[in-house]
There are 2 protein chains.
Amino acid sequence: MSRNTVGKSKILEIIQSSPIALSHATIQEQMKGTCDRVTIYRILERLVKENEIHRIVNVNGVVNFAACKSCSHSSHHHDHLHFSCTTCGELTCFEDQSVDLKLPSNFIIQEYQLTVAGLCGKCS
Amino acid sequence: MSRNTVGKSKILEIIQSSPIALSHATIQEQMKGTCDRVTIYRILERLVKENEIHRIVNVNGVVNFAACKSCSHSSHHHDHLHFSCTTCGELTCFEDQSVDLKLPSNFIIQEYQLTVAGLCGKCS
DNA sequence: GTTAATTTCGCAACACAGTTGCATAAATAT
DNA sequence: ATATTTATGCAACTGTGTTGCGAAATTAAC
Ligand SMILES: [Zn+2]
Ligand SMILES: [Zn+2]
Ligand SMILES: [Zn+2]
Ligand SMILES: [Zn+2]
């Protein structure tokens, strides 16, 4: 396990206390200069590796991060759906929505990226 | 409708004759210097607007383009699944796979980005 | 406690995808 | 033939993410 530093704890707390997924840029803002850009990238990488958070590629190509809630540390699955609002920009996890896919049997799935974009409840 | 230029026709042909989705970089390679980088970006933008091609954000965040086959020009839908191979890098459309999602009724879906990554038939 | 090994951090520099402004060129319209 | 519109090329720029490296901070060993 990697070390628990001040920056790491703070970043994890920011992500865990957010109802929506956050981008690196947003996290950096909230860190208010207490951490270097690159350090934030590396901490996020560590947190992903330790199954504390998961990464979602938004429809604009930018990576966002959200806390892992329903997935235990032993069985880690991120096959749930994400919704990205085109107005307010919020990226929400639908952890209850696991989509079942029918692919040819010789296809081996390693990673999911299931996101729909549109207007969220607030903006519609 | 935008104008039909040499570059536009060539790029459309490259995309239509490809069994997999292509990135801007790959298209630029196949254009062999006949077109400027920026021009290619703008032509792709036009082709998307005219419903000739659709854009897929790959798991690495890079945008890829594929020809529109099953969708007519009147009813345009891109709710199908994509598969991105982590070994050979190929991004394939599964136009027959339309995933059904159950979102809260006040959520309005505008755009789909349904991609799974892993090992394709050739690489598994 | 002092020293050595490991990990983290900050800074600079880089790679890459994508965008914008502007002048020129080409195609349409009058 | 002239004016208007659209497309192109070039340069410069933005934003996201990465890599190398030396310094600082932790942890382990003695
Ligand atoms: Zn919204
Ligand atoms: Zn999620
Ligand atoms: Zn493959
Ligand atoms: Zn497709």
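So you know, we letter chains A, B, ... as the sequences are listed, proteins then strands, and number each from 1. Values below: all heavy atoms of this structure, side chains included; hydrogens, waters and symmetry mates excluded.
The CG-C1' distance, from B:Asn58 to C:dG18, rounds to 16 Å in whole Å. Taking atom CG on B:Leu44 and atom C1' on C:dT19, their separation rounds to 14 Å, with Å as the unit. Put simply, CG on A:Asn64 is 16 Å from P on D:dG15, counting in whole angstrom units. In this structure, the CD atom of B:Glu45 is 11 Å from the P atom of D:dA7, given to the nearest Å.
Every residue two or more places apart in sequence or in another chain that forms a side chain to side chain donor-acceptor pair (under 3.5 Å) with A:Thr86 is listed here: B:Gln110. A search for ring-ring contact (aromatic ring centres under 6.0 Å, His included) contacts involving B:Tyr112 returns nothing, not counting sequence neighbours. With sequence neighbours excluded, the residues forming a side chain to side chain donor-acceptor pair (under 3.5 Å) with A:Ser84 are A:Asn58, listed by chain and number. The salt bridge (charged side-chain N to carboxylate O under 4.0 Å, His left out) test applied to A:Lys32 returns no partner, not counting sequence neighbours. Remark: A:Phe65 engages no residue in a ring-ring contact (aromatic ring centres under 6.0 Å, His included) (not counting sequence neighbours). Not counting sequence neighbours, the partners of A:Glu90 by the side chain to side chain donor-acceptor pair (under 3.5 Å) test are A:Lys122.
Near DNA chain D, meaning a heavy atom under 4.0 Å from it, residues 6-26 of chain B has no residue at all. Of the residues in residues 36-43 of chain B, those with a non-hydrogen atom less than 4.0 angstrom from any atom of DNA chain D are B:Asp36, B:Val38, B:Thr39, B:Arg42, B:Ile43.
Applying the side chain to side chain donor-acceptor pair (under 3.5 Å) rule to pairs touching residues 36-49 of chain A yields nothing, sequence neighbours excluded. Pairs engaging residues 18-28 of chain B under the side chain to side chain donor-acceptor pair (under 3.5 Å) rule: B:Ser23-B:Thr26 [sequence neighbours left out].
Residues A:Phe83 and A:Gly118 come closest through the heavy atom pair CZ-C, 3.6 Å.
The closest donor-acceptor contact from the side chain of B:Glu52 to the backbone of B:Gln16 lies at 3.5 Å or more, if one exists at all.
B:Ile108 forms part of a hydrophobic cluster together with A:Leu119, judged by ILVMFWY side-chain heavy-atom separations under 4.5 Å.
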Contact list (N/O, under 3.5 angstrom) for nucleotides 24-30 of chain C vs protein:
none

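For A:Arg46, a side-chain nitrogen or oxygen approaches OP1 or OP2 of C:dC9 to under 4.0 Å.
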